[in-house]
There are 2 protein chains.
Amino acid sequence: MLDPDPRFLAKLRQQAEFTDAELAEFLECWETKLLRKKDHYLRAGDICRSTAYVNKGCLRRYEIGADAKENILNFALEDWWVGDLESFWNQKPGRFYIQALEDCELLLLSRVEFVKACDRFPKYKAFHDEKMHRSYFATLKRMTVATSGSAEEKYLLLAKEQPQLFQRVPLHYIASYLGIEPESLSRLRRKLAGK
Amino acid sequence: MLDPDPRFLAKLRQQAEFTDAELAEFLECWETKLLRKKDHYLRAGDICRSTAYVNKGCLRRYEIGADAKENILNFALEDWWVGDLESFWNQKPGRFYIQALEDCELLLLSRVEFVKACDRFPKYKAFHDEKMHRSYFATLKRMTVATSGSAEEKYLLLAKEQPQLFQRVPLHYIASYLGIEPESLSRLRRKLAGK
DNA sequence: CGGTTTCCTTGATCTAGGTTAGGAAATACC
DNA sequence: GGTATTTCCTAACCTAGATCAAGGAAACCG
């Protein structure tokens, strides 16, 4: 049934300090969700009703700006968490889209089960809070990168930090993530290749 | 001695649900810190050892990028909180500078007292967590604004949302916040004034 | 009070990246 | 197997904002 990535279990054992017995009980609350390429896990206006772990596949999170352009905030590969934490937190409609770029397998814990689990396993609540903090700090760092420096710097940084993305994500999505047009990315790559 | 803004007390009473007796005890742990214009409350490399409330004055939070340029992340007026949450959280050196733009009066709760207070008043811990979440969600929103749209759009948005800033903060700092050069801001304002 | 910063503006020039308009290779679809 | 769509690239031109250079006004300081 549920067939979690070993890293999923390792995290719960190490970071949330679950025992094997607790883990077995906890996993009962989770369910598997399959997404076909291009399916959306979440759309703007939806309320995020579960926390999700990427067991298999690759997704992108984006929003649509006032100018009707898609603006990619991040990609999620295996062993990442996806969702709209704000919407999940306050159960109000969010503004993000989360879409599968490949066929995906997500592990879901519904909001209801999440609340129960936080109650039953305080260690899990602490684990989730910690995740939220890390996510906050990562966003702050990302903001620094996004607002300062040239497209070239941002490209080189991404190439260094997440080279796997280039094997799995079309370049025009990478361009959107970098905040430039596909044409500019193409030019940039040609320039860098010629060096 | 401690002479908090009424809004400071109101927040603790309403959001943290402190009783008057608890409040009196809690306030004992706080201290006042005065900053002269241009003094720094925090510098890159410092460990943030207190959580601070702006009782009076105006500050800017900025970082210095790889290109040695100052990059302003936000301003803080009265009734805002300032600090480096990441550094305060994990007690490691941070990368932000926080500087007084006017003579300021801050109310500080040291890290040590903070930990005690979280223990003694779980409601305060919840209040602080909630603040942290709001701060996270605000950063996410700010990221959207910062990475999409023209300088003009960002300027008009700021003028609408924080008009008080223009009375108290030099324009070249506003320019830095908007991610443009002072010259560009000057030209932009002339263009808008002529309309 | 005069001198030095700090702050704002203006003009001329430059450039990264946007825009527009193709067109070819790779994939998916019937 | 052939058509349609998606993905990726190229080239010519354009624009927002950076950069460089200069000057003036206000605030601050001895």
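Here is the naming used below: chain letters follow the sequence lines, and residue numbers restart at 1 for every chain. Heavy atoms only: backbone and side chains are in, while hydrogens, waters and symmetry mates are out.
In terms of position on DNA chain C, the residue among A/K69 and A/K37 whose nearest nucleotide sits closer to the 5' end is A/K69. For the pair A/S150 and B/P182, both in contact range of DNA chain C, the more 5′-proximal nearest nucleotide belongs to B/P182.
The CG atom of B/L171 sits 13 Å away from the P atom of D/dA27 (whole-angstrom rounding). Rounding to whole angstrom units, CD1 of residue B/I174 and C1' of C/dT9 are separated by 16 Å. Rounding to whole angstrom units, CG of residue A/L178 and P of C/dA16 are separated by 17 Å. Atom CD of A/E181 is separated from atom P of D/dC9 by 15 Å (rounded to the nearest Å). Counting to the nearest Å, the C1' atom of C/dA16 and the CG atom of A/L188 are 11 Å from each other. The separation between B/R189 atom CZ and D/dG17 atom C1' is 17 Å, rounded to whole Å. The distance from atom CD of B/E153 to atom P of D/dG17 is 9 Å, rounded to the nearest whole Å. Following rounding to the nearest Å, A/L185 (CG) and D/dT10 (C1') show an atom-to-atom distance of 14 Å.
Checking D/dT7, D/dG17, C/dT19 against every side-chain atom of A/E183, the shortest atom distance belongs to C/dT19. Picking from D/dA18, C/dG18, C/dT9 the nucleotide with the shortest atom distance to the side chain of A/I180 gives C/dG18. Comparing D/dT7, C/dC8, C/dT9 by their nearest atom to the side chain of A/P170 picks out D/dT7.
Between A/Y155 and A/S184, the side chains place no donor N or O within less than 3.5 Å of an acceptor N or O (distance only, hydrogens not considered). Side-chain atoms of A/S176 and A/Y62 form no donor-acceptor pair, as typed in the model, at a separation below 3.5 Å. Of the N and O atoms on the side chains of A/Y177 and A/R60, not one donor lies less than 3.5 Å from an acceptor on the other residue.
Contact annotation: B/K38 reaches the phosphate of C/dT6 (side-chain N/O to OP1 or OP2, under 4.0 Å). Look at B/H172 and you won't find any side-chain N or O under 4.0 angstrom from OP1 or OP2 of C/dT6. Between A/S184 and C/dG17 there is no side-chain N or O to OP1 or OP2 distance below 4.0 Å.
Between A/E102 and A/R168, at least one side-chain nitrogen of the basic residue sits less than 4.0 Å from a carboxylate oxygen of the acidic one, meeting the salt-bridge criterion. Between A/K56 and A/D5 there is no salt bridge, since none of the side-chain N atoms of the basic residue sits less than 4.0 Å from a carboxylate O of the acidic one.
Put simply, the side chain of B/R187 and the base of D/dT19 share a donor and an acceptor less than 3.5 Å apart.
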